[in-house]
Amino acid sequence: MPQLSAIDHLVLTVADMDATIAFYRALGLTPEEFGAADGTRRVAMVGQGFKLNLHPAKAPFAPHAATPVPGAVDVCFKSAAPLKSWLESGLDVVEGPVNRTGARGAMMSIYLRDPDGNLIEICSYD
């Protein structure tokens with residue numbers, strides 16, 4: 001049986017594209033417009049080795065989740081920077097730092113919410 005090796009991208013259904021782009025830009029991601037196979041133009045927020053494809057809630061691209069709604073995602077991003085730098089960044093932290101267990105073992109995390117209410121966890125193994 002073949003095995004999965006990594007997450008390549010995640011799709012976020014968003015209510016306000018500009019607010020979402022601004023939020024993820026503040027997390028260090030870069031907006032990138034790209035052409036999809038169906039000829040449409042789309043926007044993704046690109047990080048190191050992954051991207052978040054942004055789909056508008058009013059017109060999600062097919063195929064999509066069974067119920068594509070804003071605010072339904074809970075995702076954790078690994079940070080190379082210590083959490084202290086995130087705490088000093090001015091972002092609205094809703095919880096943390098707290099001890100958690102991630103894919104690589106013990107870690108520390110903080111939690112934020114994006115403009116759609118998605119729960120965004122930022123973790124550090126340092």
Reported [atom1]-to-[atom2] distance for the pair [X] and [Y], which is rounded to 0.5 angstrom:
X: Met108; Y: Arg100; atom1: CE; atom2: CZ; value: 9.5 Å
X: Arg25; Y: Asp18; atom1: CZ; atom2: CG; value: 10.0 Å
X: Lys58; Y: Thr13; atom1: NZ; atom2: OG1; value: 14.0 Å
X: Leu27; Y: Phe77; atom1: CG; atom2: CZ; value: 7.5 Å
X: Ser124; Y: Met107; atom1: OG; atom2: CE; value: 10.0 Å

Can you find a pair of side-chain heavy atoms, one from [X] and one from [Y], that are under 4.5 Å apart?
X: Thr30; Y: Glu32; answer: no
X: Pro70; Y: Val14; answer: no
X: Leu12; Y: Asp114; answer: yes
X: Val98; Y: Tyr111; answer: yes
X: Leu112; Y: Phe23; answer: yes
X: Asp16; Y: Pro115; answer: no
X: Ile120; Y: Val75; answer: yes

Self-check item: Residue pairs, two or more places apart or on separate chains, that pass side chain to side chain donor-acceptor pair (under 3.5 Å) and touch residues 75-93
Solution: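 Every pair satisfying side chain to side chain donor-acceptor pair (under 3.5 Å) with a residue in residues 75-93: Ser79-Trp86.
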Quiz item: Considering residues at least two apart in sequence or located in another chain, which fulfil the salt bridge (Lys or Arg N to Asp or Glu O under 4.0 Å) criterion with Arg42?
Solution: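 Checked Arg42 against salt bridge (Lys or Arg N to Asp or Glu O under 4.0 Å); matches are Asp38.
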Do [X] and [Y] belong together in a cluster built from hydrophobic side chains that touch within less than 4.5 Å?
X: Leu91; Y: Ile110; answer: yes
X: Val46; Y: Met17; answer: no
X: Val69; Y: Val11; answer: no
X: Val73; Y: Phe50; answer: yes
X: Leu119; Y: Leu54; answer: no

Quiz item: Under 3.5 Å, side chain of Asn118 to main-chain N/O of Ala72, donor-acceptor pair present?
Solution: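 Pair found, side chain donor or acceptor close to backbone of Ala72.
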Self-check item: Check: Ala15 main-chain N/O paired with Asp116 side-chain donor or acceptor under 3.5 Å
Solution: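 Yes, Asp116 side chain to Ala15 backbone: donor-acceptor pair under 3.5 Å.
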Quiz item: Excluding sequence neighbours, so at least two apart, what forms side chain to side chain donor-acceptor pair (under 3.5 Å) with Arg113?
Solution: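 Counting only residues at least two positions away or on another chain, Arg113 forms no side chain to side chain donor-acceptor pair (under 3.5 Å).
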Practice problem: Sort out for me which residue in Leu10, Thr20, Ile21 forms a side-chain contact (heavy atoms from CB on, under 4.5 Å) with Met45. | Solution: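 Option passing the side-chain contact (heavy atoms from CB on, under 4.5 Å) with Met45: Ile21.
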Quiz prompt | Atom CD of Glu33 with >12 non-hydrogen neighbours under 6.0 angstrom | solution =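 Enclosed: over 12 neighbouring heavy atoms sit under 6.0 Å from CD of Glu33.
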